[in-house]
Number of protein chains: 2
Amino acid sequence: METRAHKVRSALRRQRVTINDVASELGMTKSTVSRALNGYPDISDTTRLRVREAARSLGYRPLANAQAIRTGRLRAIGLVLQLNEHDRHRPFLADFLAGISQAASEADWTVTVSTAASDEDTLRLLCKLADEHKADGFILPRTLWEDLRIAFLRGAKVPFVLYGRTRNSDGCAWFDISSEAATQEAVERLFALGHRRIGFVPGAERYTYARLRMEGYRAGLLKCGLAFDPDLVSEPALNRTDGAASADQLLNLATPPTALVCSVDRAALGAYEAAQNYNLQIGSDLSVISYDGIEEGELVAPKLTTFSADVRDAGRRLTALLIERINGAAPENLRQVLPATFVARGSHGPAMRTSAELATIISNAKRQVEE
Amino acid sequence: METRAHKVRSALRRQRVTINDVASELGMTKSTVSRALNGYPDISDTTRLRVREAARSLGYRPLANAQAIRTGRLRAIGLVLQLNEHDRHRPFLADFLAGISQAASEADWTVTVSTAASDEDTLRLLCKLADEHKADGFILPRTLWEDLRIAFLRGAKVPFVLYGRTRNSDGCAWFDISSEAATQEAVERLFALGHRRIGFVPGAERYTYARLRMEGYRAGLLKCGLAFDPDLVSEPALNRTDGAASADQLLNLATPPTALVCSVDRAALGAYEAAQNYNLQIGSDLSVISYDGIEEGELVAPKLTTFSADVRDAGRRLTALLIERINGAAPENLRQVLPATFVARGSHGPAMRTSAELATIISNAKRQVEE
DNA sequence: GAAGTTACCGAAACCGGTTTCGGCAAGCGG
DNA sequence: CCGCTTGCCGAAACCGGTTTCGGTAACTTC
């Protein structure tokens with residue numbers, strides 16, 4: 001029994017050099033070593049240097065878990081991903097994770113992720129992770145206008161940062177890309193190209209970004225002196241199928257739009273299908289400007305004009321903000337909003353048709369199909 | 001100062017109920033509580049029940065970090081993802097993560113992930129995570145035939161499981177889907193449909209799966225009594241562009257194949273493009289059977305026939321295996337290989353053309369383009 | 001009824017760190 | 001030359017758990 005225990009212990013010793021090893025190597029106590037390594041002011045410079053050197057040469061790495069039980073800080077950021085249809089596809093996840101992981105790794109932090117299937121599941125996991133202190137704080141992607149995660153974390157006094165904004169921003173830090181400005185710019189650009197009836201395909205209202213893009217659309221109209229016409233706003237669409245339906249809805253208006261602004265690229269790709277059904281050429285018969293910057297936008301003809309969001313960069317920034325937040329910075333000072341970058345490709349152009357002409361083409365196409 | 005410290009402490013008290021709280025509530029020592037909760041045999045059933053009940057009603061949850069410093073076990077599984085072109089796309093990542101996270105969560109484990117950009121980066125992160133004991137073991141996705149990660153973890157005596165197999169399997173546990181059997185079956189199915197010249201688009205040789213699928217291809221030929229013709233094996237292709245080039249290469253043979261077996265769906269989608277260039281109809285002029293089961297395969301016409309791998313299930317199984325491995329099970333007993341499921345869709349069918357006919361069509365198409 | 005088990009639990013050490021407290025020696029002012 | 005800071009470090013408590021060790025009471029056993 002003794003042999004066994006001894007063997008195990010020496011095996012562990014061999015694997016891991018502890019603060020005691022460093023201390024005994026130097027002939028000091030571990031308290032001195034600890035304070036030297038953590039930059040306490042009551043350690044002389046010479047001692048500090050000796051300790052650092054010894055720690056380095058022995059390959060000493062403090063165990064984050066052991067540190068955490070006294071300090072309460074684990075240097076781990078938490079991430080609960082809700083993998084619904086919205087996020088499964090695209091490099092979104094990969095890029096987002098890469099950004100977070102990279103920034104975390106550079107700051108010597110780690111990332112613990114969990115995946116959920118529903119809102120309740122997300123909340124349950126968040127609660128569990130916070131409760132068992134598996135992370136010092138959380139990044140909340142895809143913020144909702146009314147977001148229970150925020151309410152929970154705020155109540156539990158657990159630090160967090162938002163990717164996106166929300167209704168009640170008390171105590172919230174966030175990073176976001178100004179998709180409302182992008183949407184507004186899309187309208188203005190289309191107006192400058194001669195378009196006067198500009199349709200809008202919104203996102204799901206529960207997401208904050210969907211509201212903001214709608215605001216941007218209206219702000220754009222206002223700035224161009226165009227009246228807001230509720231008919232020009234379709235049903236929400238987040239994917240190709242719904243996007244096709246929404247575009248179809250708008251194209252079947254008595255005076256259809258000559259240009260579409262889509263909230264997400266995936267819906268815009270659906271609009272391509274709808275246009276094709278009526279033999280409308282995207283970029284000439286019908287202009288489309290969208291938002292996201294997904295890669296499939298480059299695979300269609302003509303290539304999709306869009307506002308691109310750098311998701312990887314967002315992950316990096318969010319991580320940096322969260323670490324600052326955990327370190328005690330006030331949330332009011334941790335709010336960043338950056339513009340999206342306009343990627344002009346082939347799906348938008350000067351207004352070549354009037355709404356009336358478009359309506360004729362469309363009704364002809366429909367008649368042709370009926371025959 | 002005292003007030004501040006006191007306040008902080010009582011705040012922490014309020015947040016978290018410790019084993020001491022449970023013990024003092026019951027009037028016992030924390031050692032009794034600990035042993036009762038951990039199922040030690042020297043605690044009476046009545047005491048055990050009382051402790052469990054008290055812990056439950058007080059909402060006591062042991063801190064994994066605190067446990068870890070004595071037990072050395074964190075209940076965390078590690079994952080270093082190399083996000084190259086291969087994995088960025090597709091729901092692969094999302095599904096894989098979902099499976100791992102779900103299985104881990106159910107076993108009350110957590111997942112710490114890290115992302116890397118290169119082989120060296122992966123190794124560096126793996127080394128760091130293992131060194132600082134941020135995880136008790138690792139899941140290694142995308143195993144290579146010669147895999148430095150395996151060598152490192154084996155040397156460091158850190159538990160791990162492979163998603164895929166490798167050359168030297170000493171001490172390795174793994175889960176894999178038998179893509180070699182799938183590839184063989186693909187050949188046999190095509191043979192049964194009358195195809196006699198069956199081309200093969202391999203994957204990158206450094207991946208184990210690519211070798212296995214090549215073996216499966218040859219095994220299929222052997223079983224069908226077809227000779228192996230090196231000309232019928234194209235350059236490796238993992239994406240659409242390369243897939244198109246590889247298919248083009250095979251179609252330009254003097255006696256082109258009437259059917260293709262592709263190692264990955266993405267390459268098969270490239271083959272669609274190549275076929276379109278010569279006005280070849282997939283499924284009749286040229287049959288294609290592939291492997292992966294990605295969703296884009298359902299968006300093309302005709303839909304892609306493929307062998308589908310349940311990546312989410314793989315994640316779940318790998319997690320279960322890793323936990324067993326960490327709990328001391330021998331790696332030899334932790335090896336699973338399951339078949340892929342055949343998804344018959346529209347891209348394969350009876351051989352309608354001879355190779356000679358195909359060659360004629362192709363050369364005609366080329367001449368037409370030249371004019 | 002004495003001796004020997006056995007069941008059960010408390011006391012204390014331990015894990016690898018951090019942090020508080022106090023003491024010694026050098027430096028400084030008077 | 002004495003008292004008082006000040007700089008620097010050791011001793012010990014602490015964090016939240018686990019695990020070893022030993023002792024008491026009840027229960028056998030003859």
Side-chain angles (χ1 to χ4, degrees), chain A residues 1-2 4-6 8-13 15-24 26-51 55 58-75 131-134, chain B residues 1-2 4-6 8-13 15-24 26-51 55 58-75 131-134:
Chain A
M1 230 14 205
E2 273 185 51
R4 171 76 189 283
H6 202 275
V8 166
R9 182 165 310 166
S10 64
L12 289 174
R13 274 280 157 68
Q15 276 190 351
R16 169 155 292 290
V17 28
T18 73
I19 195 172
N20 284 309
D21 299 332
V22 179
S24 67
L26 290 166
M28 345 193 200
T29 64
K30 61 178 182 173
S31 66
T32 306
V33 174
S34 173
R35 279 172 300 171
L37 292 176
N38 292 331
Y40 275 61
D42 64 344
I43 299 293
S44 72
D45 288 343
T46 55
T47 304
R48 192 189 325 280
L49 241 62
R50 279 185 58 209
V51 171
L58 289 176
Y60 168 65
R61 290 185 171 286
L63 271 185
N65 324 314
Q67 293 179 305
I69 97 174
R70 186 75 225 258
T71 63
R73 304 250 319 282
L74 204 48
R75 295 209 313 278
D131 213 51
E132 303 182 358
H133 199 109
K134 295 294 178 63
Chain B
M1 235 6 212
E2 270 184 50
R4 172 77 190 283
H6 203 274
V8 166
R9 183 164 310 167
S10 63
L12 288 176
R13 272 281 157 68
Q15 276 189 351
R16 170 155 292 290
V17 28
T18 73
I19 196 171
N20 285 309
D21 299 332
V22 179
S24 67
L26 289 167
M28 341 193 201
T29 62
K30 61 177 182 174
S31 66
T32 306
V33 174
S34 172
R35 279 172 301 170
L37 292 176
N38 291 329
Y40 275 59
D42 63 345
I43 300 292
S44 71
D45 288 343
T46 56
T47 303
R48 192 192 322 282
L49 240 62
R50 279 184 60 209
V51 171
L58 290 176
Y60 167 65
R61 292 187 169 284
L63 272 185
N65 325 312
Q67 296 179 304
I69 96 175
R70 187 72 226 259
T71 64
R73 304 253 317 282
L74 203 49
R75 294 209 313 277
D131 215 49
E132 302 180 359
H133 199 111
K134 295 293 178 67

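Lettering of chains follows the sequences in order, A, B, ..., and the numbering in each one begins at 1. No experiment lies behind these values; they were computed from the predicted model shown.
In this structure, A:Leu63 and B:His133 approach most closely via the heavy-atom pair CD2-CB, 3.9 Å. Considering every non-hydrogen atom in both A:Asp42 and A:Arg35, the closest pair reads OD2-NH1, 3.1 Å. For the pair A:Ala68 and A:Leu74, the tightest heavy-atom approach, listed with the atom from each and the gap, is CB-CD1, 3.3 Å. The two residues B:Ile69 and A:Ala66 make their nearest non-hydrogen contact at CG2-CA, 3.8 Å.
One atom, CG of B:Asn20, and another, P of D:dG17, lie 8 Å apart when rounded to the nearest Å. The distance from atom NZ of B:Lys30 to atom P of C:dA13 is 12 Å, rounded to the nearest whole Å. At whole-Å resolution of the value, CZ in A:Arg73 and P in D:dC15 are 18 Å apart. What separates CG of B:Leu26 from P of C:dC8 is a distance of 17 Å, to the nearest Å. A:Leu74 has its CG atom 17 Å from the P atom of C:dG16, to the nearest Å. Counting to the nearest Å, the P atom of C:dG16 and the CG atom of B:Asp131 are 15 Å from each other. Atom CE of A:Met28 and atom P of C:dG17 are 16 Å apart (whole Å). The interatomic distance linking A:Ile19 (CD1) with C:dT19 (P) rounds to 11 Å, in whole Å.
Against DNA chain C, the stretch residues 58-68 of chain A makes heavy-atom approaches under 4.0 Å through A:Tyr60, A:Arg61, A:Pro62, A:Leu63, A:Ala66, A:Gln67. A heavy-atom distance below 4.0 Å to DNA chain D is reached by these residues of residues 32-46 of chain A, ordered by number: A:Thr32, A:Arg35, A:Asp42, A:Ile43, A:Ser44.
Counting only heavy atoms from C-beta outward, the side chains of A:Tyr60 and A:Asp21 never approach each other to under 4.5 Å. The shortest distance between side-chain heavy atoms of B:Ser34 and B:Ile19 falls below 4.5 Å.
From B:Thr18, atom OG1 reaches atom NZ of B:Lys30 across 8.5 Å, with rounding to the nearest 0.5 Å.
Sorted by first and then second residue, the pairs that involve residues 59-69 of chain A and meet salt bridge (charged side-chain N to carboxylate O under 4.0 Å, His left out), not counting sequence neighbours, are A:Arg61-B:Asp131, A:Arg61-B:Glu132.
Each end of the helix from C:dG1-D:dC30 to C:dG30-D:dC1 gets its own rotation axis from five pairs of C1' atoms, and the angle between them is 50° to the nearest 10 degrees.
Residues meeting the side chain to side chain donor-acceptor pair (under 3.5 Å) test with B:Gln67, sequence neighbours left out: B:Arg75. Residues forming a side-chain contact (heavy atoms from CB on, under 4.5 Å) with B:Thr47 (at least two apart in sequence, or on another chain): B:Met28, B:Thr32, B:Ile43, B:Ser44, B:Val51.
Closest to the side chain of A:Ile69, out of C:dG17, D:dA12, D:dG16, is D:dG16.
Base engagement by B:Ser31 is indicated by at least one non-hydrogen atom pair under 4.0 Å involving a base atom.
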